[in-house]
Every structure is written in structure tokens, then in C-alpha cells.
Amino acid sequence: MRVPTPTTVAAEVRAALVERVVAWFQAARRDLPWRAPERTPWGVLVSEVMLQQTPVVRVEPAWRAWLERWPTPAALADASTADVLRAWDRLGYPRRALRLRECAQAVVERHGGQVPDDEAALRALPGVGEYTAAAVRAFAFGRRAVVVDTNVRRVLARAVTGLALPAPTPTAAERAVAAAVVPAGDAAASAWAAASMELGALVCAARSPRCAACPVADLCAWRAAGYPGDTHAHRRRTQAWHGTDRQCRGRIMAVLRAADDAVDRTALDAHMAATPADAQVTRCLAGLIEDGLVEQTRGAYHLPREGADAR
DNA sequence: AAACCGGGGAT
DNA sequence: ATCCCAGGTTT
């Protein structure tokens, strides 16, 4: 099928899309703490890492507590592994917590404790990929960046390309469309980044889009085409959960976060909500140790006891 | 390109 | 019971 290239995103459509979505955002934006005037670039970076695969409602309280405890990169850089993992609590993917501390250490060592504002330096930080680097540039520094998250991908897939949902993995054509839509200038580009993400989160939702409340419904290509179905549905595979190593690892981490002392294997098995296969628990423990999330002392397991330095 | 990595709330 | 969520890293 024909995929729009930058030149096929008509200038008038681009202008109307950006102008109206940004205007809508000014009235509809959520008051999230990492958007408050008193936020810091480090606070924005922390929010973006926490928001990697964890919904806003669960990040908000964790973010407040985290920044109250470790307000700066220098503060987090000196935190102990166990403290960091307990504070991360159930945000999920706890390797992100370790990377965030590594990131804090890198900011201290490479950038004098100040979050850098250029894309290459941001990308070089642990746990910071293409999306997060662009988001920090736009949201922490108000600079122009092509910010493409799952929300923006969906908004553009629908409004511009006419698809129900974007492809399972981003395509080159998709990146071209995203880059073509971003307006020139720091202020306009960063406003578009925030506004387009918010539209995808609040209005252009994956399951049940609220087209009646959409500021660009009249120029939406998906709507104009009569809401065709998801062309990639056959290749979309939702991750299994029950019985997976991810679930097993999560249960082990929950037990060890709650424990004051080391937990031997018998006690660990007793604390697991369900009873995974013996071999799976063994495999997951080995993986967690490999990841630096767990340590073993005399046959008992516990969160790492070393400080921030040992790694 | 695909696999791996959590967890909870909505439908 | 299934879907969805402000991705990054590794293979």
C-alpha cells in the first residue's frame, strides 16, 4: 500500500494538525508533577525512565517519593542498591532502577551533575534511548526534538496515514512522517511533542478513541476512510504473563524487597504466591543475580548489599 | 527483526 | 480472559 512520505503530508494539513492539537492541549493538559514549573531536568529524566512501560497513574506517587528522597543525580548516585530497588517498588522492570542510578552516576561524572541537553550526550546515558533522549530535550529544556512514543505513533498512524494502529515495530516511513510533522523552532516543536502525546493518551486512545472530543477529527485520515480495521492484527502478539519468567522474577523480587534478612530457598518457595516449577525458580534466581538485582550469601538470597560503588 | 524484561487496571 | 500502557537492551 502507499505510504505517505514527508512531501505527501500536505503543508496545510500539517499546520492545522499542529495548531489545533497544541490549542487543545492548553485546555486539556493534565497537571502532572513533572510538568510543574518547579520541576528540574533531572526530575523530567526520572519521570521518563519510570514511564518506560509503566502507566502515568502508577508513576506519579513513585516519582514524588523518589525525588523527595533523591532530588539530584548526585544524591541518587550514592544510594545503595537495596534502597533503590525498594523505592522502585512495583513499577516493574527493576533493571530500569539500576540503570537510572548508573545514569545518575554518569551525569555526575561526565556532566558535572547537570543533565545534558544535546541528543548525543543524552543517548549515551544508561537507560536512555531514542525516545527518552528526545523527550528530555523537549520537556526539560524546551528544545526541538522528534518525540515519538506509542501515543504519537498512534495519532499519526490514524490522522495522517489512515491506519487503525501503527505497525508492531516502527518503520522508516513512520519516522519520516513524524519528523515531517514537527514544526520548526524550539517552542513550537516542544509544544507539539507534549500535545501530541497527550492527545494520544486522552483522546486518540488505542481501544476506544473519543473522536467526538478530538480537535482534528475532521482531518483524520482514518476517520475519513471509515475506520478500517487493524491491518497488522495478524502479526500482533500480546506478551504472555501467567507462568512466564517475568512473572516468576517479579514474585521473587517482591519477596526479597519485603524481607529484612536473607531468604533461603525453602522460605522463598513458601512465600511465592503460586508455586512455579522448581527449575523455573532456579533459572530466574540465576538471571536476577546475573542482572545485579539479587545476591546470594551462604545459600540465602537477598537484595544486593553493596553500595553504589561496587558493580 | 525478534526476544526479553513487570504489573495492574480497564473492558 | 484479553488488552493496554510516555521503551531500552541484547541477540
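Keep in mind that what you see is a predicted model, and the values were worked out from it rather than measured. Just so we're on the same page: letters track the sequence lines, and every chain starts at 1.
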Please give, in whole Å, the distance from [N] [atom2] to [X] [atom1]?
X	N	atom1	atom2	value
A:Glu102	C:dT9	CD	P	10 Å
A:Arg39	C:dA6	CZ	P	19 Å
A:Arg99	C:dT10	CZ	P	7 Å
A:Arg96	C:dT9	CZ	P	12 Å

Just checking [X]: base, sugar-phosphate only, or nothing, at a heavy-atom cut-off of under 4.0 Å?
X	answer
A:Arg90	sugar-phosphate
A:Trp34	base
A:Arg154	sugar-phosphate
A:Ser208	nothing
A:Arg30	base
A:Leu32	base
A:Thr169	nothing
A:Ala206	sugar-phosphate
A:Val128	sugar-phosphate
A:Gln239	base
A:Arg249	sugar-phosphate

Taking [M] as the reference, what is the distance to [N] when you measure between their [atom1] atoms (whole Å, please)?
N	M	atom1	result
C:dC4	B:dG6	C1'	14 Å
B:dC4	C:dA6	P	24 Å
C:dG8	B:dG8	P	23 Å

Looking at the side chain of [X], which of [options] is the nearest nucleotide?
X	options	result
A:Thr54	B:dG6, B:dC5, C:dA6	B:dG6
A:Glu198	C:dA6, B:dG7, B:dT11	C:dA6
A:Asn151	C:dA6, B:dG7, C:dG8	C:dA6

Problem set entry | Between SG on residue A:Cys284 and CZ on residue A:Arg246, distance to nearest 0.5 Å |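 Answer rounded to 0.5 Å: 11.0 Å.
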Exercise. Which residue lies toward the 5' end of DNA chain C, A:Pro55 or A:Thr132, if each is placed at its nearest nucleotide?
Worked result: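 Per heavy-atom nearest nucleotide, the more 5' residue is A:Pro55.
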Exercise. Does a salt bridge link A:Arg64 with A:Glu60, judged by any charged N lying under 4.0 Å from a carboxylate O?
Worked result: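 Looking at A:Glu60 together with A:Arg64, the answer is yes, because their closest N to O distance falls below 4.0 Å.
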Exercise. Does A:Arg207 get its side chain close enough to the base of C:dC4, under 3.5 Å, for a donor-acceptor pair?
Worked result: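 Flag unset: no donor-acceptor pair detected.
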Exercise. Would you say C:dG7 has OP1 or OP2 under 4.0 Å from some side-chain N or O of A:Gln53?
Worked result: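 Checking A:Gln53 against C:dG7: at least one side-chain N or O falls below 4.0 Å of OP1 or OP2.
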